Amino acid sequence: MPSTIRQSLEDVYGFLFCSNLLDDIARAGVFHKVAAGQIIIDVGDGVKGIPMLISGAIKVMRVDPEGDELLVYFLEKGDSCAMTLSCFSGEMRSSIRAVAEQDTIMVNVPMTEVSTWMSKYPAWANFVLESFGVRLNEMLDAVDALAFLNLHDRVQRHLIEKVKLHGSTELSTTHAEIASDLHTSRVVISRVLKQLEKEGVVDLRRNRIEVLEF
DNA sequence: ACATTAAGTGATT
DNA sequence: AATCACTTAATGT
């Protein structure tokens with residue numbers, strides 16, 4: 001078991017980190033297997049470390065006081081989450097909700113190690129800073145989409161994102177779920193999807209959307 | 001066959 | 001683009 005964990009770390013992060021650091025991660029990191037749909041962290045939860053994805057995908061979203069959600073970005077294999085990095089000093093609570101988009105394997109690195117390795121391993125410092133930057137940019141993309149794109153284009157973007165993420169043009173999702181991701185109502189998603197179907201962009205069936213054009 | 005859940009649609013704001 | 005108030009279609013028991 002530990003050897004397979006060490007091996008998957010090697011597979012995903014080996015090109016970035018030396019074997020000493022990989023050993024440290026394997027030793028100090030806490031491994032989690034999360035089933036699709038499961039909430040990994042919720043608004044208000046204490047943040048105990050930074051997650052590093054081994055496989056699968058995680059949906060990161062904002063939640064309004066009524067409990068309605070808005071997708072911010074996805075995390076994939078090799079990604080880390082920047083929001084948790086802002087919890088460096090002191091006890092800070094999560095400002096986002098993270099849900100497993102697929103079955104996911106990840107390792108959680110405790111905050112204490114995150115900071116000691118910053119000075120010990122340049123590659124680690126680089127990784128942390130860079131992933132912070134990438135998250136920030138993805139967040140700006142999400143803001144842009146919200147501010148500048150009409151719903152039609154937002155839906156299309158979202159579908160393409162999902163296709164890339166799942167590595168398949170067959171998406172098993174519902175109109176209601178997309179509506180929740182984009183923070184709108186199911187009825188308008190159904191209408192937008194009907195429109196996209198007329199344009200030949202998608203093929204619609206119950207619980208299934210096939211993206212034909214992207 | 002019946003109940004439940006997903007999706008389609010016209011009308012209204 | 002949102003909401004209401006249905007209708008229709010697909011699926012599970």
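Values below: all heavy atoms of this structure, side chains included; hydrogens, waters and symmetry mates excluded. Every value quoted in this text rests on a predicted model; they were computed, and no experiment measured them. Below, chain A is the first sequence line, B the second, and so on; all start at residue 1.
- Look at NE2 on A/H175: it is 18 Å from C1' on C/dA2, rounded to the nearest Å.
- With rounding to whole Å, A/H152 atom NE2 is found 11 Å from C/dA1 atom P.
- Residues A/R135 and A/D79 are in side-chain contact: their nearest non-hydrogen atoms beyond the backbone lie under 4.5 Å apart.
- Listed nucleotides C/dA10, C/dA1, C/dA2 differ in distance to A/S185; the shortest reach to its side chain belongs to C/dA2.
- Heavy-atom contacts of chain A under 4.0 Å fall on DNA chain B between two terminal nucleotides, which in 5' to 3' order are B/dT5 to B/dA11.
- Checking A/R191 against A/T174, the closest nucleotide of DNA chain B that is more toward the 5' end is the one next to A/T174.
- In A/E197, the CD atom is crowded: over 12 heavy atoms of neighbouring residues, nucleotides or ligands sit closer than 6.0 Å.
- Across all strands shown, A/L193 has no heavy atoms under 4.0 Å from either base or sugar-phosphate atoms.
- The distance between atom CG of A/L146 and atom C1' of C/dA1, rounded to the nearest whole Å, is 14 Å.
- Separating the CG atom of A/L182 from the P atom of C/dA1 is a distance of 11 Å, rounded to the nearest angstrom.
- Contact check on A/E210 versus A/R205 returns no salt bridge, with no Lys/Arg side-chain nitrogen under 4.0 Å from an Asp/Glu carboxylate oxygen.
- If you measure from atom CG of A/N207 to atom P of C/dA9, you get 17 Å, rounded to the nearest angstrom.
- Partners of A/K48 under the side chain to side chain donor-acceptor pair (under 3.5 Å) rule, at least two apart in sequence or in another chain, do not exist in this structure.
- Under 4.0 Å is where a charged nitrogen must lie from a carboxylate oxygen, and between A/K194 and A/E199 no such pair does.
- Looking only at atom types and distance, the side chain of A/H158 has a donor-acceptor partner in the side chain of A/D181 under 3.5 Å away.
- Per the geometry, CZ belonging to A/R186 stands 13 Å off P belonging to C/dT3, to the nearest Å.
- Dashed line: the shortest gap from a side-chain N or O of A/T184 to OP1 or OP2 of C/dA2 is under 4.0 Å.
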